[in-house]
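First the structure, in the form of C-alpha cells, and then the observations on it.
Computed from heavy atoms alone, side chains included, the values below leave out hydrogens, waters and symmetry copies. Values in this document were obtained by computation on a predicted structure and should not be read as measured data. One-based numbering along the sequence shown.
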Amino acid sequence: MTSPYLCPNCKTNRSRFNIIEQVPKSVKLDPHSGEVLNEFSAETLDAFHIPYKGPSYKVQCATCGLIEEERSFIKRAEYQKG
C-alpha cells in the first residue's frame, strides 16, 4: 500500500478505500449437510486439498463499492498519470 490508487470503475476516487484482509480457513465439509468435518492448518493439508494462493488482502472503493485486487487500483492510477 505504498502506491497511489485510482478506482478502475468510477475513475474519480483516489483517497477513500477499504482494505479487506483475507484469512483463508481450510476445511472439509460433509457433502450432504455442509457441516465442517475437519479444519486443516497449512502444514496438515492432505494431498487433495490445494492451499490458498490468492492475495492476502483486497481493496474496495469506498465511493462506488468495487472490490478488486490492489494491482487493479495501482495500474489505473499509473495509467491515468501518464
Side-chain angles (χ1 to χ4, degrees):
M1 289 184 280
T2 57
S3 298
Y5 289 173
L6 175 60
C7 178
N9 186 50
C10 66
K11 300 172 185 72
T12 57
N13 181 24
R14 293 180 178 270
S15 60
R16 299 186 184 276
F17 301 95
N18 297 312
I19 305 301
I20 304 166
E21 294 181 1
Q22 299 196 128
V23 181
K25 182 177 178 180
S26 299
V27 297
K28 182 177 181 180
L29 302 179
D30 180 281
H32 303 290
S33 69
E35 183 180 341
V36 175
L37 299 176
N38 287 330
E39 288 188 32
F40 302 101
S41 69
E43 297 80 31
T44 61
L45 291 178
D46 61 29
F48 298 106
H49 202 115
I50 298 172
Y52 179 73
K53 294 182 181 170
S56 57
Y57 63 92
K58 287 195 172 191
V59 177
Q60 180 182 34
C61 174
T63 301
C64 73
L66 176 75
I67 300 174
E68 289 287 337
E69 290 188 31
E70 180 187 37
R71 70 175 173 238
S72 298
F73 289 86
I74 293 171
K75 290 296 183 186
R76 186 59 167 165
E78 289 172 354
Y79 176 77
Q80 200 72 17
K81 188 180 359 176

Pairwise distance CD(E70) to CD1(I20) - rounded to 0.5 angstrom
12.5 Å

Exercise: identify the closest heavy-atom pair between G34 and L29:
O-CD2, 3.6 Å

Any link between Y57 and L66 through a network of hydrophobic side chains (Ile, Leu, Val, Met, Phe, Trp, Tyr) touching at under 4.5 Å?
yes

What are the two closest heavy atoms between A62 and N18, and how far apart are they?
CB-ND2, 4.1 Å

Between F73 and Y5, how do the two ring planes meet: parallel, tilted or perpendicular, split at 30° and 60°?
tilted

Is it the case that more than 12 heavy atoms not belonging to L37 sit under 6.0 Å from its CG atom?
yes

Using modelled atom types only, decide if a donor and an acceptor are shared between the side chain of Q60 and the backbone of G65 within a distance under 3.5 Å.
yes

Residues V59 and I19: closest non-hydrogen pair is CG2-CD1, 4.0 Å

Does atom CD (E35) have a neighbourhood of more than 12 heavy atoms from anything else shown, all under 6.0 Å?
no

Looking at every heavy atom in both C64 and C61, which two are closest together, and how far apart are they?
N-SG, 3.4 Å

Does K75, at its NZ atom, have more than 12 non-hydrogen atoms belonging to other residues, nucleotides or ligands within less than 6.0 Å?
no

Looking at every non-hydrogen atom in both residues, tell me the closest pair between C7 and R76 and how far apart they are.
O-CG, 4.0 Å

Is a side-chain donor or acceptor of N9 paired with a backbone partner of K11 at a separation under 3.5 angstrom?
no

Test your reading of the model: is there a side-chain donor-acceptor pair from E39 to the backbone of K25, 3.5 Å cut-off?
no

Nearest 0.5 Å please: distance from the CG atom of L6 over to the OG atom of S15.
10.5 Å

Quick one: pull up CD1 in I74 and CD in E69 and give me the separation to the nearest 0.5 Å.
11.0 Å

